[in-house]
Amino acid sequence: MDVKIGLECHAQLLTKSKLFCSCSTDYHNAEPNTHVCATCLGLPGALPVVNKRAIRYAIKIALALGCEVQEETIFYRKNYYYPDLPRGFQITQYDFPIAFNGLVRIESDRGDGSKEREIRITRVHMEEDPGRLAYKGTIDTAKYSLVDYNRSGMPLVEIVTEPDLKSPKEARMFLGKLRSILEYLDVFDGDLEGAMRVDANISIEGGDRAEVKNISSYKGVERALLFEITRQKNLLRRGLNVRLETRHYDEVRGITLSMRTKEFEHDYRYFPEPDLVPICISDSVEAVRQEIPELPDEKRKRFLAQYSITPEHASSLIYDPHIADYYEAVASKIDPRLSATWIADVLKGELNYRSSSMREASKRIPHDEFVTILRYLEQGVITERGATAIIRAMLDKGGKPGEIIESEGLPTIGLEEMEKAIFEVTEKNRGTVEDYRGGKKAALNFLVGQVMEHTRGTADPKEVRRMLLDKIESGV
Ligand code: ADP
Ligand code: ZN
Ligand code: MG
């Protein structure tokens with residue numbers, strides 16, 4: 001089936017103040033309507049002043065997405081009335097946005113054996129966030145709405161894609177990749193509530209598109225699109241056309257509902273914002289370019305080459321820049337492949353389970369202590385089960401690896417126990433020991449196997465081999 005999906009992604013920028021006033025953007029835990037002033041409340045006569053840092057961040061994003069940054073950018077008024085927009089217009093951009101024509105790569109099957117698809121970015125522009133309406137229950141059952149203007153005037157960057165995405169799963173992958181890039185740039189924090197909101201456009205079999213507005217979670221986008229495919233398919237089956245309309249996603253019920261017929265550009269009576277001058281941006285582009293760090297695609301390539309890890313591990317480790325940095329700190333001190341397994345497979349799993357971020361976790365397990373855990377594991381002081389138990393204990397209660405081993409009596413194999421097993425095995429297999437001394441090197445493998453059996457697989461084979469050799473070659 002022919003599915004076309006295009007996304008309009010609104011990302012809140014991590015500036016200290018709002019886009020056109022000096023109100024603090026740190027409102028996420030504040031009481032409603034406490035981070036407001038005349039400008040962001042839209043009182044008559046209040047004038048906007050552009051936040052320079054927000055412009056720099058938008059340029060940074062445009063460059064990282066491979067866009068052509070424009071010479072000059074102009075803000076426009078988009079006129080419409082809604083209770084979350086008290087001025088009656090939103091300051092946004094129109095035909096002079098920050099940038100056009102970018103590209104984002106996602107790891108999705110192209111159908112010809114390649115696992116990389118390119119999604120074209122139409123444009124990147126800036127706008128202010130409106131306030132937030134709150135409903136008791138859901139939008140279509142609530143008796144009244146409440147409004148909070150703390151969010152009003154928050155700096156947003158809107159990233160619009162071409163309709164290049166072919167499935168709800170690809171849409172979700174794209175959003176994951178976009179989040180990753182924005183976090184690398186240090187201009188966005190995806191953990192903040194409502195930091196990314198998406199309008200998802202979808203059409204099937206060349207029909208008209210439906211636009212599902214304002215979805216605030218990545219999973220929500222995927223679910224809303226899956227619902228839309230089913231709904232649109234059913235319409236076609238009954239010989240009906242999909243209407244060009246704007247729909248709302250009901251997160252609780254996992255369905256989309258019709259809100260209104262799709263508006264047209266001329267409905268908004270766009271015109272240049274007379275209270276702001278055009279902004280020349282070409283002068284700052286080179287300076288901003290210097291601030292762009294290594295991005296996910298490059299980092300992935302480097303990880304593969306530098307650490308010889310699997311492609312799956314590389315993808316998993318680069319997604320969150322904090323995890324990538326943590327991995328590199330650990331891998332610089334101990335086997336990079338062992339580090340990859342324990343960070344990508346074990347630590348990330350434990351973080352997901354706890355809905356915890358790497359930033360929080362690295363306070364509980366600093367990277368040098370993670371190295372200590374892996375070192376104990378390599379030396380056979382602890383088993384894999386023991387290492388996992390230490391990681392869990394440290395995430396939940398804090399503490400240090402050594403202390404936890406002592407206080408919790410983990411399933412470890414101590415040195416004494418190892419020596420005992422080696423003694424017993426060499427005593428019982430004197431003949432094999434002599435074979436080895438006589439030049440039959442393969443005899444050692446048998447002895448290692450015996451010790452492993454003795455310790456029920458809890459010892460580290462490399463360590464067993466080393467200790468066996470010590471003993472046999474010292475002639476005892
Ligand atoms: P509007 O603001 O009116 O929705 P935009 O041009 O800003 O218009 O956004 C259009 C979005 O819809 C883009 O993300 C684009 O990729 C997507 N889109 C356009 N045509 C289709 C289509 N036939 N099927 C799915 N998505 C589409
Ligand atoms: Zn304000
Ligand atoms: Mg739209």
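Order of listing sets the numbers, starting from 1, for every ligand and every atom in it. Please read all numbers here as calculations on a predicted model, not as lab measurements.
The side chain to side chain donor-acceptor pair (under 3.5 Å) with His125 is formed by just one residue from the set Gln93, Glu158, Gln70; it is Glu158. When the options Lys213, Glu211, Glu228, Arg223 are evaluated for a side-chain contact (heavy atoms from CB on, under 4.5 Å) with Thr256, the one that passes is Glu228.
Near Glu162, meaning under 4.0 Å from one of its heavy atoms, ligand 1 places the atoms 16 (O). With ligand atoms numbered from 1 in the order given, ligand 1 contributes 13 (C), 14 (O) to contacts under 4.0 Å with heavy atoms of Val160. Taking every non-hydrogen atom of Glu211 and a distance limit under 4.0 Å, the qualifying atoms of ligand 1 come out as 4 (O). The distance from ligand 1 to the heavy atoms of Leu7 drops below 4.0 Å at these ligand atoms: 14 (O). When each atom of ligand 1 is checked for a heavy atom of Lys4 under 4.0 Å away, the hits are 24 (N), 25 (C).
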Show the numbers, then the answer: is there a ring-ring contact (aromatic ring centres under 6.0 Å, His included) between Tyr307 and Tyr327?
CA-CA 11 Å; Tyr307 301 116; Tyr327 169 71; 5.2 Å; yes
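Ring pair Tyr94/Tyr76 is tilted by interplanar angle, where 30° to 60° counts as tilted.
For the pair Arg77 and Phe89, the cation-pi test (distance below 6.0 Å, angle within 45°) is passed. Annotation: cation-pi geometry not satisfied between Lys78 and Tyr270 (NZ/CZ under 6.0 angstrom from ring centroid, within 45° of ring axis). Cation-pi geometry between Arg300 and Phe303 is not met: the NZ or CZ atom fails to fall both under 6.0 Å from the ring centre and inside 45° of the normal.
For the residues Arg209, Arg120, Arg123, the heavy atom positioned nearest atom 19 (C) of ligand 1 is part of Arg209. By heavy-atom distance, the residue among Thr246, Ile159, Thr161, Asn201 lying nearest atom 15 (C) of ligand 1 is Thr161.
In this structure, SG of Cys37 and SG of Cys23 enclose an angle of 100° at the Zn ion (ligand 2), rounded to 10°.
In summary, His35 places no N/O/S atom under 2.8 Å from the Zn ion (ligand 2), failing the contact criterion.
Considering backbone and side-chain atoms together, Ile5 places no N or O closer than 3.5 Å to any N or O of ligand 1.
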